[in-house]
K.L.:
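Mind looking over this structure? Questions follow.
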Amino acid sequence: MNTQHIHIQFLPQSFSLQKQCTSFTVVKRPSWFNSCSTSGAIVRCSVNEIEEQKQKQQVVKRAYPFHEIEPKWQSYWENNRTFRTPDEIDTSKPKFYVLDMFPYPSGAGLHVGHPLGYTATDILARLKRMQGYNVLHPMGWDAFGLPAEQYAIETGTHPKITTLRNINRFRTQLKSLGFSYDWNREISTIEPAYYKWTQWIFLQLLKRGLAYQAEVPVNWCPALGTVLANEEVVDGVSERGGHPVIRKPMRQWMLKITEYADRLLDDLDDLDWPESVKEMQRNWIGRSEGAEMDFRVLDSDGQERDIKITVYTTRPDTIFGATYLVVAPEHPLLSSLVSTTQSQNIEEYKNLASRKSDLERTELQKEKTGVFSGCYARNPASGEAIPIWVADYVLGSYGTGAIMAVPAHDTRDHEFALKFDISIHSVVMPDDESSSQSEKAYTGEGLIVNSSNLISGLDINGLSCQEATSKVIEWAEKTGNGKKKVNYKLRDWLFARQRYWGEPIPVVFLDGTGETVPLHEAELPLTLPELDDFTPTGTGEPPLSKAVSWVQTTEHSSGKPARRETSTMPQWAGSCWYYLRFMDPKNSKELVDKTKERYWSPVDVYVGGAEHAVLHLLYARFWHKVLYDIGVVSTKEPFKCVINQGIILGEMQYMVCKDVDGSYISADSTDTLGEYEQESIPEEKVMKSGDFFVMKDNPNIRLIARAHKMSKSRGNVVNPDDVVTEYGADSLRLYEMFMGPFRDSKTWNTSGIEGVHRFLGRMWRLIVGSSLPDGTFKGGTVVNDEEPTLEQLCTLHKCIAKVTEEIEGTRFNTGISAMMEFINAAYKWEKHPRKIIEPFILLLAPYAPHMSEELWFRLGHSNSLAYESFPKANPDYLKDSTIVLPIQINGKTRGTIQVEEGCSEEEAFKLASLDEKLSKFLDGKSIKKRIYVPGRILNVILDRQNIKASVR
Ligand code: ANZ
């Protein structure tokens with residue numbers, strides 16, 4: 001027997017066994033494992049035994065033959081190009097462009113979070129096709145990026161090889177889930193035919209002055225000899241190796257997104273996006289209105305020097321309360337301000353600040369630090385000499401890099417003033433007197449006090465904050481002390497990375513002069529040169545500088561010797577416009593054909609993770625607006641509706657608390673308890689009680705229930721491939737949609753997927769019939785061609801209405817509930833007419849396309865149902881006030897009729913006599929008596945003699 005060491009990790013109700021690179025998933029504990037209960041234990045067991053167990057369980061678990069159906073229909077769709085959106089389409093039909101945020105093809109393959117969004121978009125795409133729309137539903141790869149380059153540095157494998165391998169894996173995985181993408185439109189950002197147009201857009205930006213070069217601080221890691229992206233720096237050290245990282249100015253390409261700040265802000269209003277995402281974008285753009293005020297620097301005799309410090313303030317009304325100035329450590333005037341006694345301190349302070357990120361510097365909770373410059377400036381309003389400090393809570397990159405500090409009315413200034421013993425002058429009196437006594441800064445509105453000065457001529461006492469603001473700005477503009485100013489938090493976009501695996505920037509620098517010359521459009525694409533050595537150069541020069549023969553070139557027009565740019569574009573570049581390329585992916589003459597763009601734009605529904613709420617969506621909107629300005633696109637905005645799917649967390653983990661003696665204690669009593677331990681409890685020992693989880697055998701013991709993000713280190717990652725193997729793609733799709741509201745975070749639960757799988761099995765058996773003794777199924781279905789009853793029609797049409805409404809409202813989970821209700825009702829019927837079952841299969845098709853296609857085919861159709869008309873609910877069967885009234889004839893139920901609530905006996909009888917089925921029993925018969933229980937039943941007793949007579 002083949003015995004090996006295997007590392008076992010437990011998940012509630014299931015665990016996965018990892019043996020070298022092979023992963024096994026066994027759903028229930030096999031008997032041989034009963035003795036072992038420790039998480040992550042190393043045990044000896046047989047690989048053959050595991051395989052046997054697994055196979056046995058699969059036979060038992062399979063509720064229907066998905067393993068045969070799913071590959072069959074996937075090949076059918078592929079061979080018949082079912083989901084291809086032709087190049088030439090009937091543009092008189094309405095269009096629906098539904099897009100997923102295309103993935104970065106990581107080495108880890110798909111995780112169960114991916115299919116959540118992809119299933120939702122697939123359901124929408126399938127629905128709209130069936131509703132007669134031309135649908136664009138493409139998929140591609142955001143394939144440049146750091147991990148492939150890092151892997152290349154470690155292993156020498158070219159990033160292209162790794163990336164293509166990962167793409168192939170992703171594609172296979174996605175196909176195994178039955179998504180109806182038009183694979184003919186697949187694009188990848190690393191293909192020269194694609195990035196030619198990314199480079200083309202860069203040239204357009206350059207032409208319009210929207211791309212420029214500037215010295216900007218980057219994350220420089222001296223030990224690694226490389227520039228790091230923000231995400232590679234954690235708490236001031238490199239993520240890899242933990243080496244110190246400092247901010248160092250370097251020449252960089254920048255994109256002038258700030259020029260579009262107002263449009264990016266204003267156009268948000270009309271978008272059907274989550275309010276939270278719009279708000280995040282508004283905050284990121286951070287428009288604020290205020291003033292720039294000038295403060296003259298004083299010499300040691302108190303005389304005004306020829307230097308002024310300009311500050312940006314949103315509270316000009318508080319100018320009389322400005323008791324000191326702060327300049328950022330990187331402020332350009334700092335060197336001319338500092339007194340000799342302070343220069344050493346300031347240098348050290350600047351050094352310290354260069355190691356902190358902007359976020360760390362501005363965090364409210366962080367203790368304030370700073371150094372006195374040794375210099376003073378004059379407050380232009382009060383005439384007072386106030387000290388100038390250097391402090392890192394003021395950023396060089398915002399406003400003017402200097403502030404007038406008003407400790408009485410700004411929290412950070414207040415904290416700083418207290419720490420360094422600087423005077424605090426209150427100038428705003430709160431309406432509520434009590435808050436003026438506060439120990440804290442008063443940041444609210446009120447009446448201005450202590451704010452007049454004869455020399456400056458400014459008097460704002462008694463005004464409201466708003467009135468004072470206007471008056472101060474007016475005064476400043478008149479006296480030359482300042483001006484009104486609008487500021488944005490948004491910075492220009494740093495558009496270069498010192499990396500190999502990105503799009504080359506299409507410019508050259510002339511030898512000697514260094515003049516920047518853009519490539520001609522005809523020279524595009526400028527392809528990435530092959531490189532064997534991806535390690536950093538150690539000098540900060542990007543790795544591309546090692547491709548000497550590529551770097552050395554001649555400028556196209558003049559033939560002069562030149563060097564190519566060796567920085568590459570950031571990963572965001574390719575994802576900024578890919579949605580346009582999907583409209584016309586093979587066009588070699590244009591980025592996108594104008595007619596096609598006009599038809600397909602904008603994206604109707606764009607689904608992806610909330611982590612892209614700001615940067616990706618903002619950058620894409622910016623490029624789109626530039627493309628709009630130059631006439632490449634016809635809409636102002638790229639994405640009409642954005643939806644963020646929730647996160648899928650790992651299985652719920654239950655912990656019981658134990659006191660020092662080892663006895664269980666309820667989680668709600670741990671506050672009063674000193675030390676306690678926690679122990680993991682398997683799900684079968686847990687039950688829900690109200691809002692809490694408790695132990696089944698002792699409901700007084702409340703448990704701690706937690707779900708964690710799926711991660712390799714926790715061992716709670718669920719691999720979609722395993723789920724597809726065990727339950728099938730339709731079960732995975734349906735389960736992910738059924739877990740809860742689409743936008744919410746939810747926890748994975750293996751018994752949940754089993755439940756959904758059983759539901760599909762029930763549905764299968766209802767329509768196909770029970771399995772044969774060997775576990776297989778007969779061909780065809782049990783469906784017949786009889787006319788449906790009224791009750792069946794009402795059940796169906798209510799289901800149609802609900803499912804349609806729920807899909808269109810992206811409430812996919814409640815759509816499934818409606819179908820479950822239908823199946824429950826249908827199990828009570830003796831007969832299953834085609835006119836009921838066929839529309840139901842069409843309803844199911846967007847969710848579980850493989851099973852639906854198979855059932856459709858078994859019902860005798862020879863074409864895919866992908867373009868069948870989606871059923872429409874008939875309002876006659878939806879009326880809630882109507883009831884289904886059973887009609888008995890001589891005590892036997894012969895059928896049902898639909899009547900309005902409160903219908904009279906006479907009306908009910910009339911409707912029954914008109915009913916096709918019932919009329920057979922009633923026509924020509926004389927009635928002895930009628931027993932009518934309104935809303936419940938109508939029993940018609942026929943005259944016996946008459947019956948006999950008619951029989952004779
Ligand atoms: C005086 C003042 C008094 C301020 C007061 C606030 C309250 P937003 O709305 O974010 O634009 N500030 C200006 N430049 C800064 C910089 N580079 N780094 C850090 N802080 C800076 O905020 C503008 C306010 O933030 C400005 O208004 C300034 O402080 C500060 F009772 O000026 B204020």
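All residue numbers in this chain count up from 1 along the given sequence. Atoms within each ligand, like the ligands themselves, are counted from 1 in listed order.
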K.L.:
Within 45° of the axis and under 6.0 Å from the centre of the six-membered ring of Tyr212, does NZ or CZ of Lys256 qualify?
P.N.:
yes
K.L.:
Flag the pair Arg282 and Glu275 as a salt bridge only when some basic side-chain nitrogen lies within less than 4.0 angstrom of an acidic carboxylate oxygen.
P.N.:
yes
K.L.:
Would Tyr260 and Arg621 count as a side chain to side chain contact (heavy atoms under 4.5 Å, CB included) here? Give the steps.
P.N.:
CA-CA 10 Å; Tyr260 282 71; Arg621 293 181 62 221; over 6 Å; no
K.L.:
Mind checking what residues have non-hydrogen atoms under 4.0 angstrom from ligand 1?
P.N.:
Ser288, Tyr312, Thr313, Thr314, Arg315, Thr318, Tyr393, Val394, Leu395, Tyr398, Ile403, Met404, Val406, His409, Asp410, Arg412, Lys489
K.L.:
Would you say Ser238's side chain and His243's backbone share a donor-acceptor pair under 3.5 angstrom?
P.N.:
yes
K.L.:
Does Glu367 come within less than 4.0 Å of Lys419, counting only side-chain N to carboxylate O?
P.N.:
yes
K.L.:
Validate the cation-pi geometry between Lys489 and Tyr398: distance from NZ or CZ to the six-membered ring centre under 6.0 Å, angle to the ring axis within 45°.
P.N.:
yes
